Visitor: 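Quick one: the structure is below, and I'll ask about it shortly.
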Amino acid sequence: LKQVFNKDKTFRPRKKFEPGTQRFELYKKAQASLKSGLDLKAVVQLPPGESINDWIAVHVVDFFNRINLIYGTMSEYCTERSCPIMSGGLRYEYRWQDDSKYKKPTKLSAPQYMCMLMDWIEMLINNEDVFPTRIGE
């Protein structure tokens, strides 16, 4: 179990919403609706009077947290040696490209790719210009 929560294994702590904020209240509504077993179409509908951007942001962050947990539980089985290529089966290979280190699509191992991906998503989620945390922005 200690291996799963090792930050060097690309596991990240859950992003938290500040209690008492509007996003925290939306997060509680989202959690309650997801656990209720209701029709998914109704579950993801925007609550009356809420901002669509805040509602989407809450779900993006929650999805990121859930993916982190899933990847954290299986990362010890997917190593540089056992997963030398980030792929989606035999037909698809994912390559990494960014604006700094990897200017062209580059073949990476699955653990390297996932680390780069999770770092990139976390950077976006923490960017106040993309995901502002202040009410009304």
Side-chain angles (χ1 to χ4, degrees):
L1 188 62
K2 200 174 192 182
Q3 292 276 334
V4 172
F5 295 103
N6 182 346
K7 191 166 167 78
D8 295 332
K9 292 275 189 182
T10 72
F11 176 80
R12 304 230 183 357
R14 295 181 65 138
K15 177 130 173 95
K16 306 245 186 226
F17 297 103
E18 195 67 36
T21 65
Q22 182 181 14
R23 288 217 177 140
F24 181 75
E25 294 306 314
L26 285 173
Y27 173 73
K28 288 192 323 188
K29 287 179 185 177
Q31 290 304 304
S33 63
L34 287 173
K35 292 176 183 172
S36 67
L38 298 174
D39 174 28
L40 280 180
K41 197 173 194 179
V43 167
V44 296
Q45 281 185 332
L46 177 66
E50 299 295 349
S51 160
I52 185 71
N53 291 331
D54 286 336
W55 187 242
I56 291 170
V58 164
H59 286 286
V60 167
V61 171
D62 188 50
F63 184 71
F64 172 74
N65 289 333
R66 290 171 193 265
I67 293 298
N68 261 326
L69 287 173
I70 292 167
Y71 183 67
T73 60
M74 53 79 55
S75 63
E76 69 183 275
Y77 303 105
C78 184
T79 64
E80 301 280 328
R81 189 172 191 173
S82 64
C83 303
I85 298 169
M86 181 63 180
S87 66
L90 297 174
R91 295 184 59 196
Y92 300 99
E93 180 180 305
Y94 298 94
R95 295 182 178 198
W96 185 260
Q97 181 177 358
D98 56 32
D99 293 330
S100 55
K101 187 175 179 182
Y102 299 95
K103 303 283 186 193
K104 295 181 181 179
T106 305
K107 187 184 292 192
L108 297 176
S109 69
Q112 288 174 306
Y113 186 95
M114 286 302 297
C115 186
M116 299 293 288
L117 179 63
M118 298 311 273
D119 285 347
W120 178 74
I121 294 169
E122 189 171 33
M123 179 195 65
L124 283 175
I125 288 173
N126 291 327
N127 182 339
E128 285 284 326
D129 294 331
V130 180
F131 284 86
T133 56
R134 292 173 300 282
I135 294 174
E137 289 190 27

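Sequential numbering from 1 along the given sequence is applied to the chain's residues. Quick caveat: nothing in here was measured; it's all calculated off a predicted structure.
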Visitor: State, with a plain yes or no, whether a side-chain heavy atom of Leu108 is found less than 4.5 Å away from one of Met116.
Guide: yes

Visitor: Mind checking whether Asn126 and Glu122 have side chains closer than 4.5 Å, heavy atoms only?
Guide: yes

Visitor: Working to the nearest 0.5 Å, report the span between CD1 of Ile70 and CG of Asn65.
Guide: 11.0 Å

Visitor: Are Met118 and Phe64 packed together at the side-chain level, in the sense that at least one heavy-atom pair is separated by less than 4.5 angstrom?
Guide: yes

Visitor: Give, for atom OG1 of Thr106 and atom NZ of Lys101, the distance between the pair rounded to the nearest 0.5 Å.
Guide: 9.5 Å

Visitor: Before giving the answer on side-chain contact (heavy atoms from CB on, under 4.5 Å), spell out for Arg66 and Asp62 the whole-Å C-alpha distance, their side-chain angles and the decisive distance to 0.1 Å.
Guide: CA-CA 6 Å; Arg66 290 171 193 265; Asp62 188 50; 2.8 Å; yes

Visitor: Are Met74 and Met86 connected in a single hydrophobic cluster, I mean Ile/Leu/Val/Met/Phe/Trp/Tyr linked by side-chain heavy atoms less than 4.5 Å apart?
Guide: yes

Visitor: For a quick test of reading the model, state the closest non-hydrogen atom pair linking Lys103 to Asp99 and the distance between them.
Guide: NZ-O, 2.7 Å

Visitor: Establish, from distance only, whether the side-chain atoms of Trp96 and Asp98 form a donor-acceptor pair under 3.5 Å.
Guide: yes

Visitor: Checking side chain to side chain contact (heavy atoms under 4.5 Å, CB included) against Cys83, which of Ser109, Ser75, Pro111 comes through?
Guide: Pro111

Visitor: Is it true that Val130 and Ile52 fall in one hydrophobic cluster, defined by side-chain heavy atoms closer than 4.5 Å?
Guide: yes

Visitor: Can Met123 be reached from Phe131 by stepping across I, L, V, M, F, W or Y side chains whose heavy atoms are under 4.5 Å apart?
Guide: yes

Visitor: Can you check whether Ile85 reaches Glu93 side chain to side chain, under 4.5 Å on heavy atoms?
Guide: yes

Visitor: Which of parallel (below 30°), tilted (30 to 60°) and perpendicular (above 60°) describes Tyr94 and Tyr113?
Guide: tilted

Visitor: Donor-acceptor check, side chain of Gln97 to backbone of Tyr102, threshold 3.5 angstrom: yes or no?
Guide: no

